[in-house]
Amino acid sequence: FTPGGTSVPNIQRAIDPSASGGIINVEGGNYDVSGGLTINKGLDIRGAFYGSAGTSSSRGTESNLNDATAPSSDNGVFTISTSSAVSLNGFSFNGSKIIAGQPANANLSILNNRMILNAMPNNGQTNSIYSTGCNLTLDHNYFQTTGFNASNSAIMQVAGGYSGSGSSDMMTVTNNTFKGIPVWTPY
């Protein structure tokens with residue numbers, strides 16, 4: 001579908017009727033995701049640059065997910081409420097908090113995206129928080145923060161996912177570029 005709505009005017013309206021295991025293709029354009037997106041089933045959500053590395057210089061018109069929510073908000077754009085496989089692939093994200101937790105045993109792949117993130121203003125805040133037990137794959141993404149806050153903890157934080165915590169996390173972080181902020185903080 002396209003922004004401005006041919007058959008589906010926004011991404012949530014494409015997610016809701018989709019069957020588990022379905023594929024949603026999001027064409028290039030600007031999408032306001034400030035109200036958040038809830039994913040409650042396994043889906044493969046593909047932006048205009050599905051399969052093209054976030055660092056690629058040949059990316060043209062992106063599927064831009066724009067979040068105007070205040071950086072101090074604890075809400076993430078994506079609420080994942082399923083343990084089925086969810087893939088976000090080929091997007092450009094502009095905003096503050098990507099994900100703020102998901103259920104244990106979630107299977108989440110964040111692939112081939114450009115994440116331009118606002119520096120979080122308060123101590124201990126991060127741009128993405130994953131719950132213990134998450135099977136997470138981050139591959140071929142570009143993460144950059146705008147602004148600066150020396151007390152920012154990190155782009156990514158795992159609740160309970162530190163050595164000796166009993167965590168069952170399986171995280172694969174490969175071929176990513178991180179610019180402007182620390183990468184990891186155990187919660």
Q: Can you find a pair of side-chain heavy atoms, one from F91 and one from V26, that are under 4.5 Å apart?
A: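 Side chain of F91 against side chain of V26, heavy atoms only: contact under 4.5 Å found.
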Q: Quick one: pull up NZ in K41 and OG1 in T82 and give me the separation to the nearest 0.5 Å.
A: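 Reported to 0.5 Å precision, the distance equals 9.5 Å.
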Q: Under a single-linkage definition using a 4.5 Å side-chain heavy-atom cutoff for Ile, Leu, Val, Met, Phe, Trp and Tyr, are V173 and L88 assigned to the same hydrophobic cluster?
A: yes
Q: One pair to check against side chain to side chain contact (heavy atoms under 4.5 Å, CB included): S81 and N40. What are the steps and the verdict?
A: CA-CA 5 Å; S81 60; N40 60 2; 3.3 Å; yes
Q: Contact between N113 and Y142 at the side-chain level, heavy atoms closer than 4.5 Å - yes or no?
A: no
Q: Which atoms form the tightest heavy-atom contact between A48 and G28, and what is the distance?
A: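 For A48 and G28, the tightest heavy-atom pair comes out as CB-N, 3.7 Å.
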Q: Which pairs with one or both residues in residues 49-64 pass salt bridge (charged side-chain N to carboxylate O under 4.0 Å, His left out), sequence neighbours excluded?
A: R59-E62, E62-R114
Q: Using distance alone, with no hydrogens and no angle criterion, decide if D32 and N66 have a side-chain donor and acceptor under 3.5 Å apart.
A: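 The criterion, which ignores hydrogens and geometry beyond distance, is not satisfied for N66 and D32.
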Q: Between L65 and I116, is there a shared hydrophobic cluster once you connect ILVMFWY residues whose side-chain heavy atoms come closer than 4.5 Å?
A: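 L65 and I116: separate clusters.
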Q: What I'd like to find out is whether the side chain of Q12 reaches to under 4.5 Å of the side chain of T38, using heavy atoms alone.
A: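 When only atoms from C-beta onward are counted, T38 and Q12 do touch, with a gap below 4.5 Å.
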Q: When I45 is tested against each of I39, L37, I23 for side chain to side chain contact (heavy atoms under 4.5 Å, CB included), which residue passes?
A: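 With I45 as partner, I39, L37, I23 yield a single side chain to side chain contact (heavy atoms under 4.5 Å, CB included), made by I39.
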Q: If only atom types and distance count, is the side chain of N176 paired as donor or acceptor with the main-chain N or O of L138 below 3.5 Å?
A: yes
Q: When you compare the side chain of F93 with that of N64, does any pair of heavy atoms fall below 4.5 Å?
A: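 They are not in contact (no side-chain heavy atoms under 4.5 Å apart), so the answer is no.
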Q: Between L111 and V77, is there a shared hydrophobic cluster once you connect ILVMFWY residues whose side-chain heavy atoms come closer than 4.5 Å?
A: no
Q: Just by distance, do the side chain of S18 and the backbone of A14 share a donor-acceptor pair under 3.5 Å?
A: yes
Q: Please examine the side chains of I15 and I24, heavy atoms only from C-beta on, and report whether any two atoms are closer than 4.5 Å.
A: yes
Q: Distance check, rounded to the nearest 0.5 Å: S63 atom OG versus Y50 atom OH?
A: 13.5 Å
Q: Donor-acceptor check, side chain of N107 to backbone of S84, threshold 3.5 angstrom: yes or no?
A: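 Between the backbone of S84 and the side chain of N107 there is no qualifying donor-acceptor contact (under 3.5 Å).
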Q: Under a 4.5 Å side-chain heavy-atom rule over Ile, Leu, Val, Met, Phe, Trp and Tyr, are M115 and L136 clustered together?
A: yes
Q: Okay, side chain of N94, backbone of D67: is any donor-acceptor separation there less than 3.5 Å?
A: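 Side chain of N94 to backbone of D67: no pair is present.
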Q: List the steps, then state whether side chain to side chain contact (heavy atoms under 4.5 Å, CB included) holds for T177 with F143.
A: CA-CA 6 Å; T177 299; F143 294 90; over 6 Å; no
Q: Residues two or more places apart in sequence or in another chain: which of them pass salt bridge (charged side-chain N to carboxylate O under 4.0 Å, His left out) with D139?
A: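 Salt bridge (charged side-chain N to carboxylate O under 4.0 Å, His left out) check on D139 returns nothing, list empty.
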